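Comments concern the structure below.
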Amino acid sequence: MKYQIIYDRPGKLRLRMGKYAFSREQGYGIAGMLRRFPGVVSATVSYNNGGILIYYEGSCREALFQWVENLKRTELPSEHPTEDEKLRELDETFQNKVIGTLARHFFLKWFMPAPVRVLHAAFRAAGFMKKGLRTLGRGQLRVEVLDAAAITCAFAQRSPKTASSIMLLLKISEYLEEYTRKKTRSALAGSLAVQVDRVWKVTDSGDVSVPMASIQPGDCIRVQAGAMIPVDGTVRAGEAMINESSMTGEPLAVRRTAGHTVYAGTVVEEGNIVAEVRKLAGKSRIQAIVGMIDQSEALKAGIQGRAERLADSIVPFSFAASLTTLLLTRNLTKAMSVLMVDYSCAMKLSIPIAVISAMKEAAGRRILVKGGKFMEAYAQADTIIFDKTGTLTAAEPKVACVIPFAPWSRKEVLRDAACLEEHFPHSVARAIVAQAARENLKHEEEHAKVEYVVAHGISTILREQRAQIGSAHFIFEDLGIPCPKEAQKLEEEKMHGLSVIYLAVGGRLAGMIGIEDPVRPEAASVMEQLRQNGFRHIIMMTGDNEASAGRACRELGITEFQAQVLPEDKAAMVKKMKGEGHTVVMVGDGINDSPALAAADVSIAMKDSSALAREVADVTLLSENLEDLILFRKLCRSLMKRIQRNYGWILGINTSLLVSGMAGILPPATAALLHNGSTMAISGLSMRPYLRSSGTEEKER
């Protein structure tokens with residue numbers, strides 16, 4: 001293909017092929033192929049002018065020119081856009097719409113003769129008139145009617161400028177709401193997508209590396225140790241230990257063999273499996289969440305809904321006040337001045353804009369909210385219930401306790417355990433090896449070939465003695481190694497609430513290693529800040545035993561907790577607290593939390609939550625930091641303050657204008673100008689950031 005070099009400097013190329021050189025989908029394909037080109041860092045393609053922007057490293061410049069020259073119009077690839085491309089196009093579309101609308105408005109105002117401006121304003125007004133007449137036809141007297149009446153009155157007063165200003169404001173508000181909703185939807189979809197480009201497809205002739213996009217339900221793929229499973233499917237061959245913390249919230253890997261179901265987003269820690277694809281990654285989950293976001297009417301903040309209902313209910317009074325003024329004063333100008341000033345316009349625009357702006361700011365801070373009503377509820381909530389594993393804890397096991405048995409010492413037990421475990425990638429093995437490294441215990445390979453039994457343990461020859469490490473079932477039942485009474489007593493006293501790994505050497509128990517899932521570093525501070533921010537009840541509920549739950553609560557300063565609970569118990573607690581008049585927030589991450597999440601006034605899912613938890617949740621945190629709960633609380637409370645402040649401004653300003661119009665102090669054009677100016681000012685102020693960059697709450701004046 002022919003092209004022009006627009007910019008050519010080391011590391012950066014900008015080429016242009018001309019308008020209509022390729023379609024939008026072909027542009028995505030060209031960009032995708034370039035991103036896979038050796039040496040290319042990034043590639044952006046614009047189908048509007050056939051432009052290609054390439055950032056590269058090394059000496060691939062000439063190869064890039066040759067590659068572009070060899071492209072053929074009839075053989076251009078087509079691909080779907082990436083999430084980054086979708087977001088970039090969404091930003092460009094919004095900017096183009098707003099800039100285009102403003103440019104047309106001021107071009108007509110400054111350069112076109114009056115007759116042309118009037119005709120253009122009348123043409124635009126026809127759409128608003130149509131909406132108003134349609135609303136009247138349904139027997140409703142709502143804000144659409146008042147919008148149409150205000151525009152009509154502006155024309156009746158021979159003030160097309162005022163009519164144009166009203167229509168400009170309404171149009172930009174419409175663009176902003178559409179943009180915010182689409183961007184939130186796109187950001188949420190991107191966060192759920194499983195980012196896997198290629199997979200190993202199992203064929204009759206062997207395993208073949210193919211693009212993920214080519215996989216269909218019914219295909220079989222092989223997933224090796226350390227890889228993420230990119231689809232929902234069924235294991236057909238092999239066995240593996242799979243970390244399902246993103247699905248269930250549990251930190252320890254589980255054994256999966258033929259017949260078991262595996263889920264997209266989970267990770268194979270050891271072993272390998274062949275899985276038959278049942279459902280492609282993410283699509284059904286994303287669509288379910290997008291559908292919930294699109295239910296905008298059901299998800300509006302209660303205060304936003306009340307503002308819109310109040311705006312609609314005021315409309316008849318605005319018409320009545322105008323008619324009364326006409327009857328009492330016999331002055332059409334005064335009556336028109338009253339009609340040009342109303343409370344509904346500012347309420348209709350500023351309150352939704354405030355809510356949408358808050359949702360957009362939350363999304364920018366990696367907090368995805370499905371509707372404004374959840375921000376209102378979170379601002380008012382006084383009770384918050386937490387799941388433990390994966391929510392208050394990091395789901396990263398660590399060594400909590402090492403108990404040796406004579407003649408072995410503690411260091412020998414930990415060193416030998418690390419020596420055996422260092423070749424295996426599962427989470428418990430990593431915890432043991434990491435602890436040995438922290439204690440500077442060198443564990444040279446002194447063992448023979450390791451025999452590994454999936455989901456059971458490890459067996460080898462260590463310094464000419466048979467050594468095994470693994471679960472109680474593996475050591476005491478499968479291998480028949482005797483369990484000393486001393487070990488049982490020490491386990492009850494010191495290992496209560498921990499996962500225990502046993503090391504045996506020479507047919508005797510050498511030691512026990514207790515594994516814990518520690519609380520998040522910031523969790524204790526967050527609990528205190530939640531109390532300071534108005535949460536009167538902070539409750540932890542977990543399926544863990546009483547000792548483990550109690551230990552975590554003591555670290556966190558939580559006084560209310562329940563242990564060994566079932567999913568239905570969590571939901572019952574939520575319903576109980578709601579029945580007592582509390583506004584309840586539930587924070588969880590696993591499938592077992594879903595019933596409670598669904599029952600809460602506000603449900604919050606963590607970053608690595610199960611797909612089901614994210615579908616049910618009203619709010620999704622895309623970071624791993626619990627401090628976002630405090631940030632979100634401040635944002636929501638700041639939103640409520642701003643809305644109340646807007647009410648005060650709308651009431652004060654418009655009442656003053658209304659009285660001035662009835663008294664004849666302000667002519668209709670001036671009243672309309674001041675009314676629309678104040679509406680734009682209040683709406684503009686509603687779009688300001690709620691939180692400072694440091695995360696502190698903005699001071700609402």
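Since the structure is predicted, the reported quantities are computational estimates derived from the model, not experimental observations. Values below: all heavy atoms of this structure, side chains included; hydrogens, waters and symmetry mates excluded.
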side-chain contact (heavy atoms from CB on, under 4.5 Å) between T383 and V585, worked out: CA-CA 6 Å; T383 299; V585 177; over 6 Å; no
Could you state the interatomic distance from CG (D569) to OG1 (T542), rounded to the nearest 0.5 Å? 11.5 Å
Please check if the side chain of E555 supplies one atom and the backbone of A552 the other of a donor-acceptor pair under 3.5 Å. no
Closer than 4.0 angstrom, basic N to acidic O: yes or no for R255 and E239? yes
Please find the pair of heavy atoms, one from A600 and one from V584, that lie closest to each other, and give the distance. CB-O, 3.8 Å
Answer yes if the side chains of S459 and R466 hold a donor-acceptor pair under 3.5 Å, and no otherwise. yes
Answer yes or no: is there a side-chain heavy-atom contact under 4.5 Å between E560 and I538? no
Chi angles and distances behind the salt bridge (charged side-chain N to carboxylate O under 4.0 Å, His left out) call for R430, E421: CA-CA 8 Å; R430 287 196 298 269; E421 294 278 20; over 6 Å; no
Derivation and outcome, side-chain contact (heavy atoms from CB on, under 4.5 Å), residues M527 and F535: CA-CA 9 Å; M527 297 305 109; F535 283 98; over 6 Å; no
Side-chain touch Q468/I475, heavy atoms, less than 4.5 angstrom: yes
Given 3.5 Å as the limit, does a donor-acceptor pair link the side chain of E522 with the main chain of L626, or not? yes
Taking D207 for the side chain and V202 for the main chain, is one N or O donor matched with an acceptor at less than 3.5 Å? no
Between E439 and R415, does any NZ, NE, NH1 or NH2 come within less than 4.0 Å of an OD or OE carboxylate oxygen? no
What distance separates Q562 CD from M541 CE, expressed to the nearest 0.5 Å? 4.0 Å
Between CE of M573 and CD1 of I385, what distance do you get to the nearest 0.5 Å? 6.0 Å
Donor-acceptor under 3.5 Å (Y378 side chain, L629 main chain): yes
Can you tell me how far apart CD1 (I604) and CD1 (I384) are? Round to the nearest 0.5 Å. 5.5 Å
In short, L34 meets A43 closest at the heavy-atom pair CB-CB, 3.6 Å
Quick check: do F561 and K388 have side-chain heavy atoms less than 4.5 Å from each other? no
Using modelled atom types and a 3.5 Å cut-off, is there a donor and acceptor pairing between side-chain atoms of D232 and backbone atoms of Y263? no
Heavy-atom pair of closest approach, residues Q488 and C483: CG-SG, 3.8 Å
Closest heavy-atom pair, A417 versus I469, reported as atoms and distance to 0.1 Å, is CB-CD1, 3.6 Å
Answer yes when E624 and R366 have at least one side-chain N-carboxylate O distance shorter than 4.0 Å, and no when they do not. no
How far does CD1 of I513 sit from CE of M495, to the nearest 0.5 angstrom? 8.0 Å
Could you report the tightest heavy-atom contact between Q465 and G506, atom names first, then the distance? NE2-CA, 4.1 Å
Do V210 and I215 touch side chain to side chain, with heavy atoms closer than 4.5 Å? yes
Could you report the tightest heavy-atom contact between V602 and F374, atom names first, then the distance? CG2-O, 3.7 Å
Distance in Å, T234 OG1 paired with R278 CZ, rounded so as to fall on 0.5 Å steps: 5.0 Å
Spell out, as yes or no, whether a donor-acceptor pair under 3.5 Å connects the side chain of R508 to the backbone of A406. yes
Does the side chain of C419 reach to within under 4.5 Å of the side chain of K442, using non-hydrogen atoms? no
Walk me through whether F386 and L530 qualify under side-chain contact (heavy atoms from CB on, under 4.5 Å). CA-CA 12 Å; F386 287 95; L530 287 171; 3.7 Å; yes
Flag the pair F476 / Y502 as yes when their ring centroid distance falls below 6.0 Å, and as no otherwise. yes
Test item: D416 side-chain N/O and V413 main-chain N/O as donor-acceptor pair under 3.5 Å: no
Would you find a donor on one side and an acceptor on the other, under 3.5 Å apart, between the side chain of R35 and the backbone of S42? no
Side-chain contact, heavy-atom cut-off 4.5 Å: L368 with V619? no
Does the side chain of M577 reach to within under 4.5 Å of the side chain of M586, using non-hydrogen atoms? no
Give the intermediate values and the outcome of side-chain contact (heavy atoms from CB on, under 4.5 Å) for residues L392 and M540. CA-CA 9 Å; L392 293 175; M540 189 188 81; 3.7 Å; yes
Just wondering, do I242 and I273 contact through their side chains at under 4.5 Å, heavy atoms? yes
